Each structure stands twice: as C-alpha cells, then as structure tokens.
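Here the structure is a predicted model, which is why all the values come from computation and not from measurement. Each chain gets a letter, A, B and so on, in the order the sequences are listed, and its residues count up from 1. We use all heavy atoms of the structure for the numbers below, so side chains are in, but hydrogens, waters and symmetry mates are not.
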Amino acid sequence: MLDIRLIRTSPDQVVAALSKRMPEDQARAKVDEVRHTDELLRKALQESEELKAEVNSASKSIGLLMREGKADEAAKVKDRVRVIKESQPQRDALARELDEAVQSKLGVLPNLPDESTPAGGEENNVIVRSAGTPKQFDFPPKAHWDLAADLDLIDFARAPKLAGSGFILYKGLGAKLERALIQLMLDLHIDKHGYTEWQTPFVLNRESITASAHIVKFTPEMYHDAADDLFLLPTAEPALVNIHRDEILDGDTLPLNYVAYSPCWRREAGAAGKDTRGLLRVHQFDKVEMVKYTHPETSYYELEKMLSNATDVLDLLNIPYRIVQLAAGDLSFSAAKCYDIEAFAPGAKAWLEVSSCSNCTDFQARRAAIRFRAKQGAKPELVHLLNGSGTALPRVFAALLENHQNADGSINIPEALQPYLGGLKKIG
RNA sequence: GGAGGGGUGGCCGAGCGGUCGAAGGCGCACGCCUGGAAAGUGUGUAUACGGGAAACCGUAUCGCGGGUUCGAAUCCCGCCCCCUCCGCCA
C-alpha cells in the first residue's frame, strides 16, 4: 500500500513514478480518485469527531452533575447528547464507506518503481550481466523431460492420475536429488550467508495473505480451502513477512535475514499452452525463499546482497545464468526494483527464471504494520521488506540435468552437491 | 469435538459502570546523589488517524466485532486465540 500522505502532498511525484509502469492518464486518474475520496473522508471524519468530542465532554459533565445531586440539570444535558447521537449512525456509516473507498482505491495502486527501474514493459528489461559459459556440446543436448524420464527420475506418465496435469511425481534418485538441492540451498544461506531458517505453516489465513498484498496479486492463482478459509502458500514469502506483522522491532536487530523452504502452489489458471512441458510450469513446486527486513537506508544495498546470495546457488551448481533487471511494467505489484535470475537450459534452448529478487520498500510493511524504532524513544518507522528466491527448484533441477548431461544420457553431479547425495558423482 | 479458566501498556499486574490511556512494580531514558559505580532518589516513558508552523488539541484503541447506557477495560451477545481436563488421532 502506498502512503496516503505522499499522495496528498506530492500527487505529481506519485503520478510520474506510476507512469513508468502504466499509461500516464491512467495513473493520473487513479491518483486523483484517491485524493478526491480522501478529502471527502477527512471532512466527514472531522465533523464526526467534533460531535463525538462534544458528546464525550457532555457525558463527563453528567457524571459530575449526578455526584453533586443536580439530577435535573443532568437530564437536560442527556437530552442534548441524545439529539446529537441520533444522527451519529449516518455520519459513522458515511465515514466508514468513504474509508473503505479510500482503502480500496489506494489498494489497487502498485508500488512506485525505484529511480533505477527502467520505464515501460517487458521489452525494456535490461540484461545486467551474464555468468558462466554455456557448455559446447558435441551432440544435440536433450531436454530435461527426456533426460528425467530416461533416467527414471520423474514419472511424467503417472503423475496426472494423482492430481491432474501440472504436478510432478519424483521417483527414486529424482526425489533424492530434489531433496539434496533443497538441503544445499538451505545450508548455503544459513551457514555462508547468515540467514535464519524458519519452517512455516504451508497454509495462511486471509489476514496474513491480505497483509502482504498477495490477495491482490494471487487470489485466482491460489489454492484455497473454503472450509477454513485458508490459502496454500503461493510462495513462502507471505509466511515469512507475516511473522512480524503488527510489531515494532528493535532497530538494532535489523536487518533480519530469513530463509525458508516450502512447497509453493499456484493454480496458474489459463496458462496452459506455453512452457508447460516437463518442469517449466507446474502447480506445485519446491522453493527456498529469502526475506529481509531492513532499515530504509540500506534496502537497496541488501537487495544486491540478496541477489548475490541467490546467484551463489547457481555458481555452486555450475549452471550458466544471466541477471535481468525488470522494467517497471514487468514488476510485481509490491516491488520497486527487481532482478530476475535466468538459468540457461541448453536442451530446452531457453532461459529459465529461477529466482526473482525484489525490494518492496515500505509497501508491504505499511499494510502489515511492520515497524522498527531506530533507538529508544524514537518514533517507529516502517521497515523495508525484500524477498528473493534462493532458488526455485524445478527449473534448477531442469537446468542441472540439461547442462551436465553427457552423450550417453548420464548426468554429472556438481561437486558441491555430491555430499548431499552420498558422494554420488554421476546419475545413469 | 465437549467441559472449565483466561486474554489489560515493552514485560508483570491492579481495576469490574463516570474523575481510566488506564494504579503499582519491573525494564528503559534523562537528572540528582557518588571520586566512579551500585544502592537510593526525582522526572519521563503506548500506537494510529485528523487538525496545527509549533506548543499542543481532538478522535480511536484494555484479543476482535456487535449491543446496552448520557457514559464501558468494567455489563450482554458472537467470534478468535491461549491454558487445564476429557474425547479422537500421526
């Protein structure tokens, strides 16, 4: 959620920033709508509060009069209060209505892109750097769906029987490889990068989902249990962000660096057709997620650190990748700046998005009411929240198979991963 | 799922219809005392929103939502969460 006060005091600045991710007239119209409704709200609120103040002081005087035994005078004041209160329900209703209107109009405005974020849509994404040299094959490299099927790592044929298409059924060494990758990533972030591990519920209630703004982004994308109104995690990010919801943190403890493994569920309704083969786009996948709670001044520095924490995974696995900075129009709703990491998959001949590292500034923290005190007695300030995948498993699994395949269809296991597979150097 | 008990400020804990944003204590901050410290002592110490240049003022908040009342932390109803016991269960 954006700061309503910024919209009040600097609407042009807000419109200019939003225009990087949507047509300017559209941005202008949305901002003006918020301002207009907000003005009405404040007027209504003021009027209502003045009358409430009058009622409060009258009620106090009634108490005093009663104690002094002046019951008839007290009765007169009571009558006056009753008159004021008769019209109070309408005023309250109006104020509530306007407040809800402001919240919902404000709620659809996405975060303001950072200065360094390019304007425009996907076509303006920038490749920041590439790392690793794609291996030159002296044979046509196979796609991971063929490799995985041939090596009996994934049972693509039987999987749909269990929960429909888009679900993976890992088998034998395939399941173990998945587990090993999760372990490697967690250990790396915990031991080398200083993150604290959490194991969270895999479902969240509506309050939590709403607080981190995922309800806007994900509602139709999320699996939802109607009986208890619980949502399956689309990512562990909202779980990690809600840990400190409605809290005022001690500034000395920042930044908080959290990491969690979780399965992620996404309905991806209507996405059928593109990138659906193999592991490219599935309804349930494993992910190791990083979240940082930071001081506002250090959030962009922390974003760079988080990005390198994520690329360390690919470096360890010897998978070539490139870093793409997203243009404003391609940013997720809460992000001000975002880097995608794309792993190269020589078999599928594609760049696969395996991580997305975003600085959401104070956008999520505002709705979730996550603040910190710089020092004792200082006014609470909103923290900045960052999230990044470190990394998403299926596409890393795919890139691993495709990059390290041999002519005979076997797969070399990168050295760093071998300890997690009992020293295994090769599959097949 | 059933029965009972409970949710008050950073923490502990009083309050059970008016003077209560809330006693007292702990913690914390600043001052006094001290050669320095401890002890002692004094003062201060919630959050959000609105108004105001500011001082400050107003409104709301005692788990959440509603109700009764001129007035609710206090009474009533619903929900959520925690604890104890019972049942079921990996």
Applying the Watson-Crick and G-U criteria (both distances under 3.5 angstrom) with [ ] for crossing and | for other-strand pairs, one obtains for RNA chain B ((((((((.[[[..)..(.....]]]((((((.......))))))((((((....)))))).[[[[[..)....]]]]])))))))....

Look at A:Arg373 and B:rU45 and indicate whether a side-chain polar atom (N or O) is within less than 4.0 Å of OP1 or OP2. no

Counting primed atoms plus P, OP1 and OP2 as sugar-phosphate and everything else as base, spell out the protein contacts along nucleotides 53-62 of chain B at 4.0 Å heavy-atom distance: B, S or - for each nucleotide, 5' to 3'. -----BSS--

Taking the P atom in each of B:rA55 and B:rG7, what is the distance between them to the nearest angstrom? 37 Å

Taking B:rA39 as the reference, what is the distance to B:rG25 when you measure between their P atoms (whole Å, please)? 16 Å

Each nucleotide N or O in nucleotides 15-23 of chain B that has a protein N or O under 3.5 Å away: list the pair and distance.
residue, atom, partner, partner atom, Å
B:rG18, N2, A:Ser59, O, 2.7

Sole residue of A:Leu279, A:Leu317, A:Asp286 in side chain to side chain contact (heavy atoms under 4.5 Å, CB included) with A:Val396: A:Leu317

Pairwise C1' distance, B:rU59 and B:rU41 [rounded to whole Å]: 38 Å

What's the gap between B:rU47 and B:rA38 when it is taken at their P atoms, as a whole Å value? 27 Å

If we take the C1' atom in both B:rU19 and B:rC12, what is their distance in whole Å? 27 Å

Euclidean distance for C1', B:rC26 against B:rG50 (whole angstrom): 35 Å

Describe the nucleic acid contact of A:Arg366 in one word from base, sugar-phosphate, nothing, applying a heavy-atom distance below 4.0 Å. nothing

